[in-house]
Amino acid sequence: MTPHDPPKKLTRKDFVSDQEVRWCPGCGDYAIVAAVQKTLPELGVSREKTVFISGIGCSSRFPYYMNTYGFHTIHGRAPALATGVKLANPELDVWVITGDGDGLSIGGNHFLHLLRRNVNLQIILFNNRIYGLTKGQYSPTSLIGKRSPSTPLGSIDYPVTPAAFALGCGARHVSRAIDIDAKNLGEMLKRAHAFQGTGMIEVFQNCPVFNDGAFTHFTERATAADTQLHLEHGKPMIFGKDRSRGLRLRPGSLDVEVVTIGEDGITEADLLVHDETNRAQAFLLAGLEPPSFPVALGVLYSSPAASFEGALLAQNEQATASAGVGDIDKLLRKGHTWTVSGE
Amino acid sequence: MTPHDPPKKLTRKDFVSDQEVRWCPGCGDYAIVAAVQKTLPELGVSREKTVFISGIGCSSRFPYYMNTYGFHTIHGRAPALATGVKLANPELDVWVITGDGDGLSIGGNHFLHLLRRNVNLQIILFNNRIYGLTKGQYSPTSLIGKRSPSTPLGSIDYPVTPAAFALGCGARHVSRAIDIDAKNLGEMLKRAHAFQGTGMIEVFQNCPVFNDGAFTHFTERATAADTQLHLEHGKPMIFGKDRSRGLRLRPGSLDVEVVTIGEDGITEADLLVHDETNRAQAFLLAGLEPPSFPVALGVLYSSPAASFEGALLAQNEQATASAGVGDIDKLLRKGHTWTVSGE
Amino acid sequence: MDTFAASQGDRESLESVVIRFAGDSGDGMQLTGTQFTQSTALMGNDLATFPDFPAEIRAPAGTTFGVSGFQIHFASRDIMTPGDAPDVLVAMNPAALKVNLRDLKPGGMVVINTGAFTSGNLKKAGYTADPLEDGTLAPYRTLRLDISKLTLAAVESFELGTKEALRCKNMWTLGLMMWMFDRDREPTVKWLKGKFAKKPEIADANIAALNAGHAYGETAEMPSGIGCYTVPKADLAPGTYRNITGNESTSWGLIAGAQLAGLQIILGSYPITPASTILHTLANLKQFGVVTFQAEDEIAAICAAIGASYAGSLGVTTTSGPGVALKGEALGLAVATELPLVLVDVQRGGPSTGLPTKTEQSDLLQAVYGRNGDCPLAVVAASTPGDCFDAAIEAVRLAVKYMTPVILLTDGSLANGAEPWKIPSMADYKPFPATFRTETEGFHPFLRDQATLARVWARPGTPGLEHRIGGLEKGYDSGNISYDPDNHHKMTKVRAAKIAGIADDIPLQALDQGEVGDDILVVGWGSTYGSISQGVRAARRRGVKVAHAQIRHLSPLPKNLGELLRSFKKILVPELNNGMLVKLLRSEFLVDAQGLNKIAGQPFKVAEIEAAIASHLES
Amino acid sequence: MDTFAASQGDRESLESVVIRFAGDSGDGMQLTGTQFTQSTALMGNDLATFPDFPAEIRAPAGTTFGVSGFQIHFASRDIMTPGDAPDVLVAMNPAALKVNLRDLKPGGMVVINTGAFTSGNLKKAGYTADPLEDGTLAPYRTLRLDISKLTLAAVESFELGTKEALRCKNMWTLGLMMWMFDRDREPTVKWLKGKFAKKPEIADANIAALNAGHAYGETAEMPSGIGCYTVPKADLAPGTYRNITGNESTSWGLIAGAQLAGLQIILGSYPITPASTILHTLANLKQFGVVTFQAEDEIAAICAAIGASYAGSLGVTTTSGPGVALKGEALGLAVATELPLVLVDVQRGGPSTGLPTKTEQSDLLQAVYGRNGDCPLAVVAASTPGDCFDAAIEAVRLAVKYMTPVILLTDGSLANGAEPWKIPSMADYKPFPATFRTETEGFHPFLRDQATLARVWARPGTPGLEHRIGGLEKGYDSGNISYDPDNHHKMTKVRAAKIAGIADDIPLQALDQGEVGDDILVVGWGSTYGSISQGVRAARRRGVKVAHAQIRHLSPLPKNLGELLRSFKKILVPELNNGMLVKLLRSEFLVDAQGLNKIAGQPFKVAEIEAAIASHLES
Ligand SMILES: Cc1ncc(C[n+]2csc(CCOP(=O)(O)OP(=O)(O)O)c2C)c(N)n1
Ligand SMILES: Cc1ncc(C[n+]2csc(CCOP(=O)(O)OP(=O)(O)O)c2C)c(N)n1
Ligand code: SF4
Ligand code: SF4
Ligand SMILES: [Mg+2]
Ligand SMILES: [Mg+2]
């Protein structure tokens with residue numbers, strides 16, 4: 001380990017690298033990189049201990065723009081690379097950057113195993129429901145009927161819902177934000193960072209070139225209040241322009257419905273209260289979609305547990321404690337040996 | 001297509017191949033192959049249209065024992081191979097055979113995409129919570145603390161729950177059975193086969209050599225009634241030796257509790273009624289585990305939708321209908337051409 | 001355009017011209033180039049093109065890494081390369097000038113949109129001084145126009161927003177260049193009408209810009225050194241021609257091959273540059289019975305193709321280098337189970353992600369050797385964009401006839417480059433129908449045709465042929481799993497002999513130019529065909545005794561190749577890699593072949609080949 | 001055991017003996033063999049072993065595919081192979097006899113457990129007649145005993161169930177064989193006590209069986225032709241010895257190498273036969289600072305290793321052929337980012353799943369060429385089980401010094417085979433500590449050491465060295481992404497030169513036997529060392545002028561190799577594949593090397609090498 005000075009007070013600019021940004025004008029990625037650059041100083045982290053690891057895709061160029069350590073790896077494999085980094089040096093603060101193609105198409109398996117292992121790092125999934133870098137083919141999150149160069153008659157695969165998938169994988173911290181909603185995004189970055197384990201953030205990211213407006217039905221300012229449900233642990237699930245609507249458990253079944261406070265005698269007390277630690281509830285929330293439901297944003301699920309690298313490295317300490325620091329000469333001579341003397 | 005005679009009445013024996021079975025004595029795989037061989041004649045399928053496709057693992061030797069078409073492919077890739085088979089010939093009746101390592105470790109990504117696409121085939125996951133073929137390393141479904149050749153101090157990864165994972169992937173038919181419970185297993189095979197889409201069956205399979213008794217805490221005859229919950233659509237969730245216990249929704253939250261009928265004024269009417277089409281409920285059921293809860297068996301979730309190959313091949317028909325059967329000479333001459341005459 | 005010179009009055013006749021259109025990614029240079037090409041093709045010139053995209057993503061306007069280029073070489077004689085250096089550079093902004101000027105021939109012409117030479121753009125391009133002023137352009141003839149302004153004026157009446165209106169400046173420029181080189185605007189007008197059928201005002205504005213650019217040339221007085229030209233028809237073989245890119249012709253060749261085999265294609269593919277457009281093209285041709293499946297990853301793509309072949313279709317998978325690296329294990333399964341399969345590898349710059357949008361030939365050894373075990377398969381390469389059609393048919397033929405995976409190697413320059421192509425007629429191709437086993441008597445799945453050594457193809461669904469196959473070794477006489485030592489030896493030898501035997505079924509290696517007895521043989525493969533061919537021709541014109549052979553079949557190699565090679569004293573092997581074919585030739589035939597290697601993401605220049613021949617002869 | 005003959009009274013002294021223990025998978029033959037080996041090693045004989053497991057899974061008892069074998073060759077002179085053909089076959093059941101009898105030397109001895117020759121077992125083994133009766137055994141000397149019954153009697157007093165009791169029959173057999181060849185039972189007794197420490201009655205029963213077998217030999221009258229023997233000590237170099245398998249010594253070598261480099265190992269691995277036991281061994285050695293990570297798949301395994309190297313540890317990944325095929329793309333990333341990495345490939349029979357439990361050398365070309373792009377790396381091979389230790393250290397050294405992935409090739413026969421190994425002392429190895437950049441002045445991540453061309457290693461966590469790397473091409477002078485054509489050419493050449501330069505840092509190729517001027521040179525690599533060495537020795541004894549070179553460094557090849565090869569008129573290259581090294585030698589040095597190829601999942605027999613030398617000399 002190199003000596004580590006107490007972090008001096010850094011600013012956003014300290015995290016901006018000297019590389020020219022190569023995203024299309026108007027790309028949602030700009031807002032995300034800005035949010036990260038703004039948030040890092042607030043987290044009090046140092047540049048040298050921060051590492052961004054990405055796969056391949058437009059989003060995966062992210063590390064180049066961060067004045068920290070960075071590794072732009074190969075398509076889909078960033079979670080595995082990042083796991084190796086944490087095993088080698090658990091003190092590093094690792095952020096994995098991936099896209100809906102990179103993370104859920106070619107990289108789906110590593111995404112699964114990273115989440116279930118609960119390696120202590122943050123993973124930001126840039127979901128633009130399209131393959132940007134390869135010029136606009138549909139992705140695993142594209143909605144059915146998506147016309148793209150590879151699906152001229154419209155896609156037919158049922159899309160995967162990243163948050164639901166993550167929960168199925170055993171993820172322990174699942175959250176959601178919108179590229180241009182800097183406030184909530186910043187908050188989600190902080191929450192994921194604070195989480196001891198894999199903090200997963202899905203960011204709905206607009207690709208103006210190949211999939212413009214994929215999320216406008218719930219990101220538009222005008223209708224946001226009615227189409228977004230901002231979750232807060234311990235708080236009832238309220239939304240709507242005048243905060244008059246809410247989610248209620250449909251009596252006697254595992255299902256929710258939208259209700260209006262004040263109508264049919266419904267009060268705030270009838271609403272479902274968000275419990276971040278309830279996995280089944282998070283799964284249900286992950287599946288809600290406009291127009292029938294608002295989109296659930298914020299921390300859907302958060303339930304800490306030991307981190308993978310922590311437990312693994314503890315075994316190394318345990319082994320050393322019980323067997324002593326390994327001595328190779330002794331190792332080679334353990335068990336049956338015999339000596340031939342020079343006669 | 002080769003001409004296809006109406007299937008003659010076949011028996012179990014017709015589905016037994018001439019290859020010697022190479023599993024260890026006592027392996028749960030024997031019971032599963034027997035159940036499949038017994039069930040196929042009951043489904044009225046023909047040998048020549050039936051195809052078993054597997055990856056690599058003890059379980060993946062399955063196709064050799066079936067007197068049908070079979071393909072023992074490479075590790076983890078059977079779902080992708082099988083998708084290709086269905087695209088080439090949707091009339092084939094395809095069964096994918098995989099293990100917890102084959103399907104959820106190296107093959108996790110293909111498992112995900114097969115399920116979300118809803119290709120019309122059946123997939124049987126032999127879950128013995130261990131890598132059998134490679135001599136006993138822990139697998140993604142091994143419980144924490146599993147001592148194995150690669151984890152002498154015990155495994156530390158949180159296991160994946162196959163049914164919950166499948167639901168997160170967007171699976172539309174998720175069921176569970178026990179290797180030696182021939183009745184329920186046969187039933188599940190039939191249900192999966194009847195399902196138009198990917199019918200997923202997780203089979204708890206004992207590996208007496210490397211992971212003996214992994215499931216005895218709920219498969220033992222003596223305690224089975226108290227540790228198994230057999231789901232039936234539209235029926236209340238009752239279990240227990242004298243069928244006196246049941247699952248109830250914990251009032252006001254997305255959570256269940258075990259209750260005793262007759263105690264505290266609880267009647268059957270208070271119990272949760274199984275709804276196969278409720279995905280969030282299925283997710284919750286998938287996570288129930290002894291000793292606090294019984295293990296949910298049977299069809300956890302079933303919600304049909306168009307099959308992938310059906311929709312894809314329909315596009316081909318649509319294209320042909322609108323553009324006419326392709327004529328290559330015309331294709332080559334479409335667009336700008338010019339003629340050079342021999343002067 | 002050796003004879004290129006100024007002229008003011010009548011059109012000067014030129015034998016050949018190389019123009020490079022260059023601008024920002026957003027400037028529509030690819031379209032401009034394509035339309036110029038289309039029109040040039042219709043004029044009856046021979047031509048070759050080379051589009052050069054920016055790497056990966058649309059960069060912010062004005063930056064050098066966002067520059068997009070399109071080079072066209074057209075002539076009244078037959079040509080085979082997009083040209084070494086442009087005679088004319090069209091630079092739509094400072095970045096385009098910055099990146100491309102160094103390639104321009106001394107004394108060449110630069111057409112400049114001065115309207116884009118703002119101080120902001122100059123800075124973005126990395127210019128500290130204005131190249132229009134500081135003498136940078138002194139060695140060249142320049143035509144400086146504020147194309148932006150001229151375009152705005154031309155489309156004023158359509159009342160588009162400024163942004164929309166400025167989008168027409170590529171058409172204005174195209175119009176001007178069409179005037180300059182005497183091209184017909186009609187095809188472009190037609191194309192614009194079709195493309196913007198739903199937005200006729202946009203079509204009309206573009207047409208107006210096109211015409212205005214042309215009119216400008218007709219009427220405005222040109223500075224000295226700038227004239228107008230004509231390039232007479234080339235003497236092409238009679239027939240109907242079209243312009244074609246390599247990825248198009250690969251796609252069509254696959255369809256044609258499948259039809260000749262009587263099979264449907266199942267394409268399993270995962271998008272990757274520069275192979276993706278094959279997937280796109282085939283996805284639009286479903287009426288040909290092609291099923292296209294965009295898989296979740298490279299491995300699933302090939303595995304689905306293998307599954308499809310197992311089920312009796314022709315499995316195809318298309319990718320580029322990194323994708324091939326991922327497919328190695330599955331390729332091995334196809335070799336072991338002896339199933340037909342075509343893998344198209346559109347090679348690009350490596351290693352690793354490398355230079356994704358640049359061309360290279362560095363997957364040859366991966367194609368031949370990149371799998372575990374003794375794992376032989378057939379490898380075929382295409383040499384020009386149009387040739388991809390025949391190469392694809394050949395790949396399908398070998399795959400089906402020999403029950404083997406075949407790797408078809410093309411590359412980025414073939415994929416995106418275009419050339420006029422004499423359209424063949426399907427009637428001229430001999431069908432090679434696949435046969436499926438139906439006879440149950442004596443059947444086992446590894447029964448072989450004694451001539452080809454191909455195993456039988458027994459489709460699931462066929463009554464009585466139920467069988468199991470897999471990646472484990474199989475008994476020669478039963479097809480069942482076999483761990484027998486001698487059997488494994490025999491099967492390994494049979495698999496090798498099957499591929500080696502293809503040599504009896506492919507043409508003998510011919511010389512493209514020159515003859516046995518010449519002083520030196522230049523041996524190439526793949527997309528270097530044009531450069532080598534022209535380089536050799538030039539050297540021969542100078543009296544050098546040099547011959548040229550271009551190898552299509554790389555595994556197995558042609559039967560007579562060793563003898564042919566040994567009949568030359570010197571052998572030069574130009575490759576766009578660090579030396580791969582040269583290794584195969586040396587090890588196979590023990591000839592002292594020497595490499596000429598360029599690993600710069602770009603095709604050989606004709607001059608580079610010529611120079612290498614000269615220096616190799618001296619050495 | 002050429003001098004093998006019957007004797008009844010005193011022990012007859014033999015120079016060498018080959019015994020094969022064979023039985024059902026459940027019969028504990030591997031244990032029996034290992035214990036016999038242990039004891040033989042302690043007796044001071046030289047020895048080599050070859051375990052031969054059934055493929056993949058435990059098969060139902062009594063079947064031929066469930067037969068497990070363990071061959072040991074021990075002698076009073078130095079030997080290097082497990083022996084061509086057994087002198088003694090121990091057959092615990094009919095299937096074992098069926099599978100192994102054909103390998104026995106004519107006139108050899110068969111020890112048979114007649115108790116297992118039930119009609120059921122005969123049928124399972126595929127015998128239609130009883131081989132004990134039908135003359136099958138006539139060419140051999142047989143010792144027929146109902147070992148099952150004798151064992152039951154021996155352990156009667158322990159009141160085990162019959163099944164448990166019968167489990168002791170391998171110890172009974174071992175006791176008998178120890179009597180026959182004069183081995184010490186003590187180490188086995190000790191081992192049994194340790195192994196069954198928690199079940200002392202099982203330990204005692206086994207010991208009783210062992211002793212009973214021995215006593216049987218002492219007391220019972222042997223049939224004619226069966227005697228008792230002794231094999232005197234071998235003349236081994238002085239030192240402390242142990243018995244070691246290749247996978248053990250590979251594991252230990254990796255640890256030793258990491259310690260010499262001052263690095264911790266992060267092993268990313270996915271289980272696969274026959275490599276898994278390296279993972280198992282290292283998982284048990286956490287006190288050496290090795291972190292073992294069983295990844296979700298082959299790709300994650302290597303990617304985690306690359307991540308670990310990026311973070312400043314030594315990333316290692318272990319696998320076999322199909323796993324290597326999957327790791328190609330990631331290997332390319334490690335080459336492009338120039339990170340140290342050791343990939344251990346324990347080769348097995350291919351292609352595809354092939355023969356997973358059998359040995360082969362067919363990944364050589366995959367190791368050298370199996371990636372997209374020009375993607376050079378170093379390749380090192382181990383030649384004996386014990387040599388895996390030094391080969392692993394060498395792989396680590398090159399990886400760290402040259403910032404490159406290194407592939408270490410071993411194979412199934414090395415992995416599971418054992419030999420007595422003179423234990424080295426760590427003090428005899430020169431450390432090669434890794435250095436990490438800390439100086440910020442003038443830093444960029446692709447700064448190179450001008451001697452080795454290795455780039456600097458700048459560990460995340462180091463203040464002031466923040467930087468970004470990746471798989472895209474990098475500028476030689478900045479380390480930033482570069483699409484510049486000339487830069488790509490330069491970087492490709494530098495990557496190649498770095499690997500080629502390793503040739504200056506490895507030993508010159510020496511001759512193991514013979515000298516320049518001999519009539520023929522036999523060139524091998526990897527596990528063929530023992531067979532070639534003995535084959536050459538035998539030929540030389542017969543007066544043939546034959547030399548032997550075994551190549552450790554396969555990429556780059558030793559500097560003097562070309563010269564050495566060219567100084568022989570004939571070159572023979574035996575390989576357990578269809579011809580791979582021979583291709584490299586021919587293309588690199590243009591020498592007419594010829595292959596001797598065996599692709600049967602088994603090592604060469606000494607006699608096969610000898611015969612090939614003879615026939616090659618004649619040709
Ligand atoms: C092995 C391999 N196959 C294919 C590709 C091509 N490729 C690069 S990025 C990408 C998809 C990117 O999509 P996504 O992850 O959603 O990122 P986005 O560009 O949308 O941010 C693909 C298919 C590759 N780089 N490597
Ligand atoms: C590429 C590759 N890597 C590793 C292996 C080794 N391998 C074979 S089966 C297997 C795991 C089997 O586990 P599972 O799928 O649970 O099947 P089981 O044997 O338990 O039925 C592994 C790791 C392989 N065959 N191929
Ligand atoms: S293609 Fe889409 S995602 Fe990629 S940089 Fe452009 S706008 Fe952003
Ligand atoms: S190892 Fe386990 S899973 Fe495999 S065949 Fe034996 S008992 Fe069955
Ligand atoms: Mg995307
Ligand atoms: Mg398993």
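FYI, side chains are in, hydrogens and waters are out, and symmetry mates aren't considered; it's all heavy atoms of this structure. Order of the sequence lines sets the chain letters (A, B, ...), proteins ahead of strands, with each chain counted from 1.
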* Contact class of D:D484 relative to chain C, heavy atoms under 4.5 angstrom -> side chain
* Supply the atom-to-atom distance C:K598 NZ to D:H488 NE2, rounded to the nearest 0.5 angstrom. => 11.5 Å
* Asked: Less than 4.5 Å apart, any side-chain heavy atom of C:L585 and any of D:S587?
  -> no
* **Interchain contact, C:R348 with chain D, by part (heavy-atom threshold 4.5 Å)** => neither
* **When C:R371, C:Q361, C:E360, C:E473 are compared by non-hydrogen pairs under 4.5 Å with chain D, the top option** => C:R371
* State, yes or no, whether a side-chain contact exists between D:L365 and C:L365 at a heavy-atom distance under 4.5 Å. => no
* Asked: So what's closer than 4.5 Å to chain C heavy atoms on D:Q602: side chain, backbone, both or neither?
  -> side chain
* Nearest 0.5 Å, what's the CD-CD distance between D:Q366 and C:Q366? -> 10.0 Å
* Structure fact -> Whatever's closer than 4.5 Å to a heavy atom in chain C on D:I299 counts as side chain
* Mind checking the OH-NZ spacing from D:Y483 to C:K358? Nearest 0.5 Å is all I need. => 9.0 Å
* What part of C:M580 lies closer than 4.5 angstrom to a heavy atom of chain D: side chain, backbone, both or neither? -> side chain
* Asked: Side chain, backbone, both or neither: which part of D:V591 has a heavy atom under 4.5 Å from chain C?
  -> backbone
* Structure fact -> Greatest number of non-hydrogen atom pairs under 4.5 angstrom with chain D, of C:A325, C:G370, C:A336, falls to C:A325
* Asked: Looking at C:G349, C:S352, C:S362, C:A330, which has the largest count of heavy-atom pairs under 4.5 Å with chain D?
  -> C:S352
* Verify, without hydrogens or angle tests, whether D:N578 (side chain) and C:T492 (backbone) share a donor-acceptor contact under 3.5 angstrom. => no
* Can D:D592 and C:L590 be said to form a side-chain contact (heavy atoms from CB on, under 4.5 Å), step by step? -> CA-CA 7 Å; D:D592 189 13; C:L590 289 185; 3.6 Å; yes
* Can you check whether C:A600's main-chain N or O pairs, donor with acceptor, with D:H489's side chain at less than 3.5 Å? -> no
* Asked: side-chain contact (heavy atoms from CB on, under 4.5 Å) between D:L472 and C:L355: does it pass, once the steps are laid out?
  -> CA-CA 6 Å; D:L472 289 166; C:L355 293 177; over 6 Å; no
* Name the member of D:V335, D:V582, D:N577 that forms the most heavy-atom pairs with chain C at distances under 4.5 Å. => D:N577
* Does the side chain of C:I599 come within less than 4.5 Å of D:D374's, by heavy atoms? -> yes
* Structure fact -> d(D:Y369 OH, C:D363 CG) to nearest 0.5 Å is 14.5 Å
* To do: Against chain D, work out which of C:E588, C:Q347, C:R495 has the most heavy-atom pairs shorter than 4.5 Å and name it.
  => C:R495
* Selection from C:G328, C:G601, C:P322 maximising heavy-atom pairs under 4.5 Å formed with chain D -> C:P322
* Answer with side chain, backbone, both or neither: which region of D:S482 has an atom nearer than 4.5 Å to a non-hydrogen atom of chain C? => backbone
* **Side chain proximity check, D:N372 to C:V324, heavy atoms < 4.5 angstrom** => no
* Asked: Side chain, backbone, both or neither: which part of C:N487 has an atom under 4.5 Å from a heavy atom of chain D?
  -> neither
* Between C:G332, C:S320, C:P351, C:G350, which residue shows the highest count of heavy-atom pairs closer than 4.5 Å to chain D? -> C:P351
